[in-house]
Amino acid sequence: MTTRFIFVTGGVVSSLGKGIAAASLAALFEARGLTVTMQKLDPYINVDPGTMSPFQHGEVFVTDDGTETDLDLGHYERFTHAVMSYRSNFTTGRIYDSVIRRERRGDYLGATVQVIPHITDAIKEAILALREDGPDIALVEIGGTVGDIESLPFLEAIRQLRFDLGVKQTAFVHLTLVPYIASAGEIKSKPTQHSVQKMREIGIQPDVLLCRSERSIPKSQRDKIALFCNVPKEAVIEAPDVDTIYGVPLTLRDGGLGSVILNHFGMENVEPDLTPWISVCDKIRNPGGEVRIAMVGKYVSLADAYKSVNESLIHGGMSQGVKVRIDYIDAESLEVTGVDALKGVDGILVPGGFGERGTEGKIAAIRYAREQGVPFLGICLGMQLAVVEFARNVAGLVDATSSEFDSQAAHPVIALMTEWEHAGEKIARAEDSDLGGTMRLGGYPCKLIEGTHAFQAYGKAEIRERHRHRYEFNDAYRKLLQESGLIISGTLPDDSLVEIVEVADHPWFVACQFHPEFLSKPYAPHPLFVDFVGAAKVMAQSK
């Protein structure tokens, strides 16, 4: 079957939710039995978001093949069964880098290398590569806002693809803002008209307009938008604010979005089965209680920095029939004020991160969780600091630390490893060698020890999880820490690297080197988050 391409663009303002809209549309196609894949094209010049501050760009989502990508790919995987890869995220920097490399090799035979055709051809090549796995539908989200100079090469490339592939294989969905002016008591369509006008100047006529608004848009306004934007009335679809992002597939279904696009493609239009999404929304809207989870991190002023963790906690709450209320706590504040902010919470989570800032506050939070019997989940750096805390305060290594923070540490219980060859797999390396040697990126197998919380959560002995880190549990300290009561509950299959640690005689204290949040879905919550929230629920009920 021929792969059809849907290009999702945005206009008027940023942060309208193109990623959620694209993922929800993909979910509508999956609910009809079609196969989908997705891609994000980002206009920034960074080769990938791996070196970008979470304060600027939110979390870095990691695919199973070890690609560091935009956080929207997390939405793509949470809303669909598609598995993202290196094909799923391209930036201006990555495109230009590939073209420059080709020019240096002489691939262009001495031609003058230009934006058109060389850059646009590279973009088209990246998009068309999505056909290799044979999906029915490929959804491509163009980052940025129409009118930005940075996104022009991407828009030109998709304009050319309409010419190359034809109308029946391509569809343009333009997401735009229809604001409500409270002082006038009116919904205004002019920003949408101007945004579409800008698209048409580029040579793209949207096939569908997805109109974001804080309230329902009257039919008269939708008809006006259709008239002035040259779009059929049934293709002007409202997307009002909803109380949960997992309700967006239902909203778009009600607006007829999937049907309009399938009719455009000339494909069979069957009724989607959205039973899983109805169930998810019902669980979110009708919890049986509430638990408070303290998230102690470095980037807590921007919730998107921990987007996948936030969503995974929601998923765990749905599974346990409770609402999870997240108390974001700046780790540095605990270094100044102490741990009083943690009193009364039902669980403590320390997420991943890089750098020394705030680590002593995180260690204080971990110690509080361990000594007070508060359910604890440590992720990546959270696991490493749990090992440091245990080494200092239980095993007696008072100056234990990570070599990330002190290269001359007397007891580097967490250390940088430089040569890797484990379980027959080469550890993925960071592409930018200027920023520090090796990173373990992507999916790796892990074996679990029976009788542990980890084994109980997963219910099986072998799992596969995704990583993003440079430093590891230092095996030279394994015996000492185990003799002091630290439980090693998960390792690589050859037992060479520690993946999960627990603390004996504690209601629930689990810390993992990998990032479980990258595999959690609303209809398939990750086992560690399910058990963690379950332990927090028990604590809440005991008060």
Determine, stepwise, if the pair Leu165 / Phe5 fulfils side chain to side chain contact (heavy atoms under 4.5 Å, CB included). CA-CA 9 Å; Leu165 301 177; Phe5 289 89; 3.8 Å; yes

Do [X] and [Y] have ring centres separated by under 6.0 Å?
| X | Y | result |
| --- | --- | --- |
| Tyr523 | His81 | yes |
| His315 | Phe529 | no |
| Phe79 | Tyr246 | yes |

Is any side-chain N of the basic residue among [X] and [Y] closer than 4.0 Å to the acidic one's carboxylate O?
| X | Y | answer |
| --- | --- | --- |
| Glu499 | Arg440 | yes |
| Arg94 | Asp42 | no |
| Arg87 | Glu132 | yes |
| Arg212 | Asp241 | yes |
| Arg4 | Asp136 | no |
| Arg162 | Asp164 | no |

Taking atom [atom1] of [X] and atom [atom2] of [Y], what is their separation to the nearest 0.5 Å?
| X | Y | atom1 | atom2 | answer |
| --- | --- | --- | --- | --- |
| Ile225 | Asn230 | CD1 | CG | 14.0 Å |
| Leu16 | Leu175 | CG | CG | 5.0 Å |
| Lys198 | His174 | NZ | NE2 | 11.5 Å |
| Leu128 | Arg131 | CG | CZ | 4.5 Å |
| Thr170 | Asp207 | OG1 | CG | 7.0 Å |
| Phe514 | Arg466 | CZ | CZ | 12.5 Å |

Between the side chain of [X] and the main-chain N/O of [Y], is any donor-acceptor distance below 3.5 Å?
| X | Y | result |
| --- | --- | --- |
| Thr69 | Phe61 | yes |
| Asp48 | Gly50 | yes |
| Asp133 | Pro135 | no |
| Asp148 | Gly144 | no |

Test salt bridge (Lys or Arg N to Asp or Glu O under 4.0 Å) on Arg357 and Glu404; report intermediate values, then the result. CA-CA 11 Å; Arg357 183 164 61 84; Glu404 179 181 4; over 6 Å; no

Identify whether NZ of Lys or CZ of Arg in Arg159 sits under 6.0 Å from the centre of the six-membered ring of Phe163 and within 45° of that ring's axis.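 No - Arg159 does not lie over the ring of Phe163 by the 6.0 Å and 45° rule.
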
State, without any angle test, whether Glu141 and Tyr76 hold a side-chain donor-acceptor pair at a distance under 3.5 Å.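 A pair is found: one side chain offers a donor N or O, the other an acceptor, under 3.5 Å apart.
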
Lys521 vs Glu77, salt bridge (Lys or Arg N to Asp or Glu O under 4.0 Å): CA-CA, chis, key distance, verdict: CA-CA 8 Å; Lys521 299 175 185 286; Glu77 288 204 350; 5.2 Å; no

Stepwise side chain to side chain contact (heavy atoms under 4.5 Å, CB included) check, Met295 with Leu313: CA-CA 11 Å; Met295 188 185 298; Leu313 287 171; 4.0 Å; yes

Leu492/Tyr444 under side chain to side chain contact (heavy atoms under 4.5 Å, CB included): CA gap, chis, key distance, verdict: CA-CA 8 Å; Leu492 284 186; Tyr444 288 90; 4.3 Å; yes

Does Phe518 form a ring-ring contact (aromatic ring centres under 6.0 Å, His included) with His467? I'd like the steps, not just the answer. CA-CA 9 Å; Phe518 292 152; His467 298 69; over 10 Å; no

Check the pair Asp72 / Lys18 against salt bridge (Lys or Arg N to Asp or Glu O under 4.0 Å), numbers first and verdict last. CA-CA 9 Å; Asp72 275 324; Lys18 288 195 304 297; over 6 Å; no

